[in-house]
Trainee: 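Quick one: this structure, given as C-alpha cells, is what I'll be asking you about.
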Number of protein chains: 2
Amino acid sequence: MARAKTLKSDISIEAVLEAALELFSSQGYGATSMRQIAEKAGVSVGNIYHHFKNKELIFQRLLDRYWEIVLDPELKLNRIFSKAEFPDDLEDLADAIEEVVNNHSRKILLIYVDVIEFRGAHIRKFYETMAVRFEAQYGKNLAKRKKKGELTGGDPLVGVMLAVRWFFYFFTVEKSFGVPMHFGMDNRQAIDEFIRIMRYGVLPRGNDGRQPDKLHG
Amino acid sequence: MARAKTLKSDISIEAVLEAALELFSSQGYGATSMRQIAEKAGVSVGNIYHHFKNKELIFQRLLDRYWEIVLDPELKLNRIFSKAEFPDDLEDLADAIEEVVNNHSRKILLIYVDVIEFRGAHIRKFYETMAVRFEAQYGKNLAKRKKKGELTGGDPLVGVMLAVRWFFYFFTVEKSFGVPMHFGMDNRQAIDEFIRIMRYGVLPRGNDGRQPDKLHG
DNA sequence: CATAACAAACCGAACGTTCGTTTTGTAATT
DNA sequence: AATTACAAAACGAACGTTCGGTTTGTTATG
C-alpha cells in the first residue's frame, strides 16, 4: 500500500486521537460519545471504526502514547534520571517534570480517568514497575554515595521517588485542578522550599542533639 | 411536617446519595445515569427528582459531605492540626490521614471526577483556602518554634502542607489506583522513610560542610 | 498511456438500545 | 382537604456499533 493512502489514514487517525484526548480528558471516558469524537475530528463514526476496533482501544492508545513519552530515553527528564545525581539533580528534576506536566497535562488527566472508570486497569503496570525503574537508574549510584557517607537515612531511592512523584502531583494540581498557588505562593518558591526540605529536613543541624537514624517517639 | 414523612424522605435521600457515591466514583459523573442511581437506590427516577433538582446537585451534595467531614473539628486529623506540634506530629498525621483515605476513598475519587468533568469547579474553594487553613492552625506555633531555632529552612508551613498533601496522595494511590506497594515496600516502611526525609533530609548532618540555608547550585 | 480490477478509506443511515428531565397520576401522611 | 413522597410513562433527544454503500488510490494488464 502506497504513501497517499497511508498519509490519509495517518491524518485521520491522528485527528481521532487528538479529538478523543481533548474529550476524554475533559468529560471522562464513558461520558464521551463516538459521535462527539467523530465530529471533533472531522470524520465519520464509521471511519473511526474502520481504524479502531472499539472506543476503549482509542483510550488505550492515548495512554500508550503517554507511556512512550515518559519512558523515552531522549526525554529530558529521563536523561536526568540516567545521570543519577540525586540529590544534586533536584532542581533539574523539578524543571523537567514541570515541563512534562505542562506539555502533557491532558494525558496525565487520563490516568485519573482510568483510575475512576477502569479501576486503574490501563495504568497499573506503569505504577507497579515504578520502583524497579528507579532502582535501575539510581540504585547503583545511590548505593555508592550512601557508602561514602554522602547520603543519610534509610533507602535513598525513596527520596528520589518521593521527589519525583511529589513534583508530578504538585504541578498537576497547580495546572489541572485549577488551583494555582494552592500552597499560598508561586511555583518557584514552593519548589525551592520542597527541595530544601528534601535535602536538609525541617529540623536544624548541628546542636540539635538528635540522631538522624533514630525515629522520633 | 411531621416525623414519619421526614423519616421516609431521609431514608430515600440517603439511599440516593449512597448509590450515587458508588456510581460516580466508579464510572464518573457523566457516564452515570439517573436510572442507574434510581435502581441502585431502590427508588424511582421521579422520586430522585422530587428530592434533588438535578443530577449535578447530587454530585455537589456528595462533595459537600466530604468537606464537612474533613473540616469537622472533631475529626482525629483536625485535632492533630489544632495541637500544631509539627514536626513531632508527623507519625500521627500519617496515621490519621491513612484513616481518612481508607474511610472516604470514594469521596476522594470524586475530587478527581470533578477535576476532569467540571474543571475543578466544586473543589476549587477547598484547595484555594488550603494555605490559609494551615496558617490558622500551625502559623503561630511554627513561628514560635522557628524563632527558638527548633526549625530550620524557609517557611515551615510548607513542610506541614507538603507532608499532609503527600500523605493524602500516597495513600490514595496505594488504595484507589490499585497499586499497593508502588514504592516497592509496604505502607509503614514507606511512611517511615518519608517522615525521616522530612525531618532530617537526605543529606548527612555534621561534617558535610554545607549550609542549610544556602541553595544548591 | 489508458483502463479495469482491487483494496482501503470513508460516509451516513440503521439497529437496538439508553438518557436527563418532565408530566401525570396514586398513595400516604398531616 | 391539603401536602408530601413516590411511581411510571412520556418527551425529545442521544448512544456504541454495524451495515451497505460511495469514493479514492494503487496495481496489474493490454
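Keep in mind that what you see is a predicted model, and the values were worked out from it rather than measured. Protein chains get the first letters and strands the later ones, always in sequence-line order, with residue 1 at the start of each.
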Trainee: For A:Leu7 and D:dT24, what is the distance between atoms CG and C1' respectively, to the nearest whole Å?
Mentor: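 The answer, rounded to whole Å, is 14 Å.
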Trainee: B:Glu39 has an atom CD; how far is it from atom C1' of D:dA8, in whole Å?
Mentor: 15 Å
Trainee: So if I define the base as every atom that isn't primed, P, OP1 or OP2, how would nucleotides 17-28 of chain C read as a B/S/- string at a heavy-atom cutoff under 4.0 Å?
Mentor: --BBBB-----B
Trainee: Does D:dA5 have its OP1 or OP2 closer than 4.0 Å to a side-chain nitrogen or oxygen of B:His50?
Mentor: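 It does, given that an N or O in the side chain of B:His50 lies less than 4.0 Å from OP1 or OP2 of D:dA5.
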Trainee: Closer than 4.0 Å, any side-chain N/O of B:Ser44 to the OP1 or OP2 of D:dC6?
Mentor: no
Trainee: Looking at B:Arg199 and B:Glu91, is any side-chain nitrogen of the basic one under 4.0 Å from a carboxylate oxygen of the acidic one?
Mentor: yes
Trainee: In this structure, how many angstroms lie between the P atom of C:dA9 and the CG atom of A:Asn47, rounded?
Mentor: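 For the pair A:Asn47 CG and C:dA9 P, the rounded distance is 9 Å.
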Trainee: Would you call A:Asp88-A:Arg145 a salt bridge at under 4.0 Å N-O?
Mentor: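 Answer for the salt bridge query: yes.
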Trainee: For a quick test of reading the model: is some side-chain N or O of B:Ser12 closer than 4.0 Å to OP1 or OP2 of D:dC6?
Mentor: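 Yes, B:Ser12 has a side-chain N/O under 4.0 Å of OP1/OP2 on D:dC6.
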Trainee: Should the pair A:Arg119 and B:Phe177 be classed as cation-pi, given the thresholds of under 6.0 Å to the six-membered ring centre and 45° from the axis?
Mentor: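 No, cation not above the ring by the 6.0 Å, 45° rule.
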Trainee: Do A:Tyr200 and B:Tyr200 have their ring centres less than 6.0 Å from each other?
Mentor: no
Trainee: My understanding is that only residues two or more places apart in sequence, or in another chain, count here; which of them pass ring-ring contact (aromatic ring centres under 6.0 Å, His included) with B:Phe170?
Mentor: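 For B:Phe170, the residues satisfying ring-ring contact (aromatic ring centres under 6.0 Å, His included) (neighbours in sequence not counted) are B:His182, B:Phe183, B:Phe194.
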Trainee: Counting only side-chain nitrogens and oxygens, does B:His51 get under 4.0 Å of the OP1 or OP2 atom of D:dC6?
Mentor: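 Yes, because at least one side-chain N or O of B:His51 sits under 4.0 Å from OP1 or OP2 of D:dC6.
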Trainee: Salt bridge check: are A:Glu14 and A:Arg65 linked by an N-O gap of less than 4.0 Å?
Mentor: yes
Trainee: Using atom CD1 of A:Ile11 as one end and atom C1' of C:dC10 as the other, report the distance to the nearest whole Å.
Mentor: 14 Å
